[in-house]
Amino acid sequence: MAARGVRWRRPRGRTEQLAAVLVVAAAVWMAARTAVVAVQAALAGWPWVAAAATALAGYGLWRAGRTVRRRRRHTAAMVRLRLSLVELDAMDDRRFEYALRDLLVRDGWAARQVGRAGDQGADVIADCARYGRLVVQAKHTRVGGRVGSSVMYQLNGTAGPVHRADAAVVVTNGAVTRDAKAWAERHGIAWVDRERLQQWAQGGVALDELVRLPPHRSRSLGRRGVGAVYPL
């Protein structure tokens, strides 16, 4: 059988009324006493609470300051970044891509390494307000290696339609064939060969200056390719 709930009723008679008053008074006294004890405890312990709050705030300021200092050091280091051809030649493909990303960051781009299987021609993607989005195809080769026209074909076919790029550039530590250069110039693909890479990485010349990259408002993206014209 289910238990019956408690049913309250009004006190009957003077005795029950007096008992009810005493119960209410006891409850009020206990609540007041508890509040007084809580206030006294807070007053007694406030220096510790204040000290803990101060320490916590100080730690937060220290962490924030350390983050700012670290970012400043990183920015300063990026501004001074120089990489020799010997260093670049010694890298593997992935490290070469990260090196190109860092060089773009040095030049003021917001760049990220994206190269992986199925990257559809993009190893680094960079953005900036003046030049829009840039897609970089990195070709790390053995010394004396050559990049041919097929690389230009691939990048031209994916930079605009797939990556929404305003510009595209092939960067290699080797050479670019004459045919590849001619095709790239006709179709608006920039290129950086070994000689230009040395100027960029070791000499500190900005990429946009090196390839004379025009502002993105002067270019139009075509569905079949980048559609830019570079005065290389």
Asks: Any side-chain heavy-atom pair from Met152 and Val170 closer than 4.5 angstrom?
Replies: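 SC-SC contact between Met152 and Val170 confirmed.
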Asks: Between CG of Leu134 and CG of Leu104, what distance do you get to the nearest 0.5 Å?
Replies: 6.5 Å
Asks: Look at the rings of Trp183 and Tyr153 and say which category their plane angle falls in: under 30° parallel, 30 to 60° tilted, over 60° perpendicular.
Replies: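 Aromatic pair Trp183/Tyr153 classed perpendicular.
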Asks: With side-chain contact (heavy atoms from CB on, under 4.5 Å) as the test, pick out the partner of Thr172 among Leu197, Val147, Val151.
Replies: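 Of the listed residues Leu197, Val147, Val151, the side-chain contact (heavy atoms from CB on, under 4.5 Å) partner of Thr172 is Val147.
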Asks: Of all the heavy-atom pairs spanning Gly108 and Cys128, show the shortest one and how long it is.
Replies: O-CB, 4.4 Å
Asks: Pro214 and Tyr131: which non-hydrogen atoms are nearest, and at how many Å?
Replies: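 Scanning both residues completely, I find the closest heavy atoms to be O-CD2, 3.4 Å.
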Asks: Do NZ/NE/NH1/NH2 and the carboxylate oxygens of Arg112 and Asp127 come within less than 4.0 Å?
Replies: yes
Asks: Do Leu103 and Leu81 pass the side chain to side chain contact (heavy atoms under 4.5 Å, CB included) test, and can you show the C-alpha distance, the side-chain angles, and the key distance before you say yes or no?
Replies: CA-CA 7 Å; Leu103 289 170; Leu81 178 64; 3.9 Å; yes
Asks: To the nearest 0.5 Å, what is the distance between CG (Leu83) and CZ (Arg106)?
Replies: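 Answer for the CG-CZ pair, Leu83 versus Arg106, is 8.0 Å.
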Asks: Salt-bridge test for Arg194 and Asp89: reply yes if a basic N is under 4.0 Å from a carboxylate O, no otherwise.
Replies: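 A salt bridge is present here (some side-chain N lies under 4.0 Å from a carboxylate O).
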Asks: Grab the two heavy atoms, one from Gly115 and one from Glu97, that are nearest each other, plus how far apart they are.
Replies: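 Shortest heavy-atom contact: CA-OE1, 3.8 Å.
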Asks: Check this for me, if you would: do Asp166 and Arg133 make a salt bridge, where the nitrogen-to-carboxylate-oxygen distance has to be below 4.0 angstrom?
Replies: no
